[in-house]
Every structure is written in structure tokens, then in C-alpha cells.
Amino acid sequence: SIDMPDISVIPVGSTVRTKFSVDVGCEEWTEGGWERKRWGVEGVVVGKHDSPGLCCYCVRHGDNTTASYDPCELEVLVTAS
């Protein structure tokens with residue numbers, strides 16, 4: 001069997017690449033939240049928002065903008081230690 005990383009636990013400081021996911025419904029984000037997202041870019045996790053049933057990560061993109069992403073919208077490139 002292949003060990004898959006637990007994407008619900010991404011340490012702050014990890015480098016990620018954003019990816020569009022059809023698993024995330026439009027109702028889960030505000031219009032402004034969708035507008036801030038960037039697809040297919042690298043960034044650094046700068047925070048995590050965790051509440052019962054909802055987990056998302058704040059990512060700083062290369063252009064210094066930030067947006068929140070569902071774990072399924074992130075590919076971990078380098079895990080922070």
C-alpha cells in the first residue's frame with residue numbers, strides 16, 4: 001500500500017502548490033474568498049483555521065497576496081519541520 005500524507009495537517013511554513021479541486025463547492029467560500037485564490041502557483045502556509053468540520057489554510061502567494069484554501073486544494077511540496 002502507498003502511504004498518503006494527511007493533508008489535514010500541513011505545518012505552518014510548508015511550501016505548497018495550489019490546485020483547483022471540484023471537491024470544493026462554491027457555497028463554501030465567499031465571492032471575495034474565490035477572487036483572492038490563485039491556481040497553480042507556489043506559496044507558503046502562514047496559518048491554519050480549524051473549527052469542527054472545517055479546516056482551511058492561509059497561503060501567502062509569491063506576489064505577497066494571501067488566500068484561504070481547503071486542504072484538497074493544496075499539494076505539499078516541502079513540509080516545514
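Since this is a predicted model, take the numbers as computed values, not measurements. Positions are given from 1, in the same order as the sequence printed here. The analysis underlying the following values was restricted to heavy atoms, covering all of them including side chains, and did not include hydrogens, waters or symmetry mates.
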For T65, all residues meeting side-chain hydrogen bond (donor to acceptor under 3.5 Å, both in side chains), sequence neighbours excluded: H61, D63

May I ask whether [X] and [Y] are part of the same hydrophobic cluster, defined by side-chain heavy atoms of I, L, V, M, F, W, Y residues being less than 4.5 angstrom apart, directly or through others?
X   : Y   : value
W34 : L74 : yes
V44 : V41 : no
V16 : F20 : yes
V9  : L77 : no

Rounded to the nearest 0.5 Å, what separates atom [atom1] in [X] from atom [atom2] in [Y]?
X   : Y   : atom1 : atom2 : value
R36 : Y69 : CZ    : OH    : 10.0 Å
C55 : H49 : SG    : NE2   : 9.5 Å
C56 : I10 : SG    : CD1   : 11.0 Å

May I ask you to decide if G47's main-chain N or O and Y57's side chain share a donor-acceptor pair within less than 3.5 Å? no

Is the side chain of T18 donor-acceptor paired with the backbone N or O of G40 at a distance under 3.5 Å, no angle test? yes

Going by heavy atoms in the side chains, are C58 and V45 under 4.5 Å from each other? no

Tell me the salt bridge (Lys or Arg N to Asp or Glu O under 4.0 Å) pairs involving residues 12-22, sequence neighbours left out?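 Sorted result for residues 12-22: R17-E42, R17-E75.
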
Indicate the atoms forming the closest heavy-atom contact of A80 with S14, along with that distance. N-OG, 2.9 Å

